[in-house]
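Worth knowing before you read on, the calculation uses all heavy atoms, side chains too, and leaves out hydrogens, waters and symmetry mates. All values reported here derive from a predicted model rather than from experimental measurement.
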Amino acid sequence: MKEKIAKGIAHVLIESLPYIQKFKGKTVVIKYGGNAMIDDNLKASFAQDIVLMKLVGINPIVVHGGGPQIGRLLERLNITTEFINGMRVTDTETMDVVEMVLGGQVNKDIVNLINMAGGKAVGLTGKDANFIRARKIDMQQFNKQTEASEIIDIGHVGEVSSIDSSIVEMLSQSDFIPVIAPIGVGDDGRSYNINADLVAGKVAEVLNAEKMILLTNIPGILDKQQNLLTGLTLDDIENLIADGTISGGMIPKTRCGTDALKGGVKGVHIIDGRVEHAVLLELFTDIGVGTLLIN
């Protein structure tokens, strides 16, 4: 029995060797969110995955979300929240909470998790060294009464206008692991909340990352029979969107991945963050635990 177990362990280690050799010295950007940020076992396994990547010579960069945590604190503070087309309307009072949760509580929790697992994580927001520059998003919505599109002010919600990668490169090329909260700063000096998937994609592009990994609460991209799809090209993605296989909230996540590929990222993985050690399983095994998007 012991011999059988030992052989299984040896097989796993040998299977991981070519992947470790291939990715050594390369940058991998991981968007961390969903159940992996809530369940204690998943949080611990994620931190271990990140530390192991660093120890074998890969440069992991973590970008995190925190929507549920923001929602809980807003509720406790009796601050009402409105969503328009899936985006949180973020006035100045709400942005103060967003910044406190993302740049404070959530970011430092992740930093502590990684450090407790033996890593050397450093927390950042896009305001540090002005490395994420943002521009305000104005939402367009069709008004049925006027039969015309109108611009709706959704407050401190932004998109990435530019990224100065120097501070992240300095950290990631040393012993440190950057952990980034998706808050940018505008030309007006105001803070803007930016979708974490978009920040991860832009960071991966400017750093010429080998891979971007998006942790989700689903197995990956599924076909209409609920079978997992992988090895999808840009053309495959467009066809799956056109026929309705990819729909709803998976469309912007997939678009984020295809934009990263077009920007020079070698591969994008949409993986099941509900699986312990999902990042290592996707990177270092033949079978993986999600969907790989390629050019």
Counting N and O atoms only, with roles assigned by atom type, does the side chain of [X] sit under 3.5 Å from a partner on the main chain of [Y], one being a donor and the other an acceptor?
X    : Y    : result
K54  : F176 : yes
T285 : E282 : no
S45  : H277 : yes
K136 : G155 : yes
T291 : I221 : yes
N239 : D235 : yes
T230 : L292 : yes
N115 : A121 : yes
D109 : V106 : no
D272 : A278 : no

Any side-chain heavy-atom pair of [X] and [Y] under 4.5 Å:
X    : Y    : value
I294 : L261 : no
L234 : I237 : no
F131 : I163 : yes
R190 : T92  : no
R88  : L74  : yes
L229 : D236 : no
V51  : I114 : yes

In Å and rounded to the nearest 0.5 Å, what is the [atom1] to [atom2] distance from [X] to [Y]?
X    : Y    : atom1 : atom2 : answer
F284 : L52  : CZ    : CG    : 6.0 Å
L102 : H64  : CG    : NE2   : 6.0 Å
N59  : T27  : CG    : OG1   : 4.5 Å
I213 : L283 : CD1   : CG    : 4.0 Å
T254 : I246 : OG1   : CD1   : 4.5 Å
E169 : N208 : CD    : CG    : 10.0 Å

Kindly give the heavy-atom pair with the smallest separation between [X] and [Y], and that separation in Å.
X    : Y    : value
L215 : F46  : CD2-CD1, 4.1 Å
K108 : G103 : CE-O, 3.9 Å
R255 : T258 : O-OG1, 2.9 Å
L77  : V97  : CD1-CG2, 3.8 Å
M37  : G65  : CE-O, 3.5 Å

Have N193 and H156 got a donor and an acceptor in their side chains that come within less than 3.5 Å?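 Looking only at side-chain atoms, H156 and N193 do not form any donor-acceptor pair under 3.5 Å.
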Same cluster for M170 and V179 if Ile/Leu/Val/Met/Phe/Trp/Tyr side chains link at under 4.5 Å?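 M170 and V179: separate clusters.
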Take V98 and M95, measure what side-chain contact (heavy atoms from CB on, under 4.5 Å) needs, and give me the verdict at the end. CA-CA 5 Å; V98 169; M95 187 63 215; 4.0 Å; yes
So I79 and T94, side-chain contact (heavy atoms from CB on, under 4.5 Å) or not? Walk me through it. CA-CA 8 Å; I79 299 174; T94 302; 3.9 Å; yes
Kindly determine whether K31 and C256 satisfy side-chain contact (heavy atoms from CB on, under 4.5 Å), including the steps that lead there. CA-CA 11 Å; K31 189 277 179 146; C256 172; over 6 Å; no
Run the side-chain contact (heavy atoms from CB on, under 4.5 Å) check on M100 and L73 step by step: do they pass? CA-CA 10 Å; M100 180 168 55; L73 184 54; 3.5 Å; yes
Does a side-chain N-to-carboxylate-O contact under 4.0 Å join [X] and [Y]?
X    : Y    : result
E276 : K43  : no
D187 : R133 : yes
D39  : R274 : no

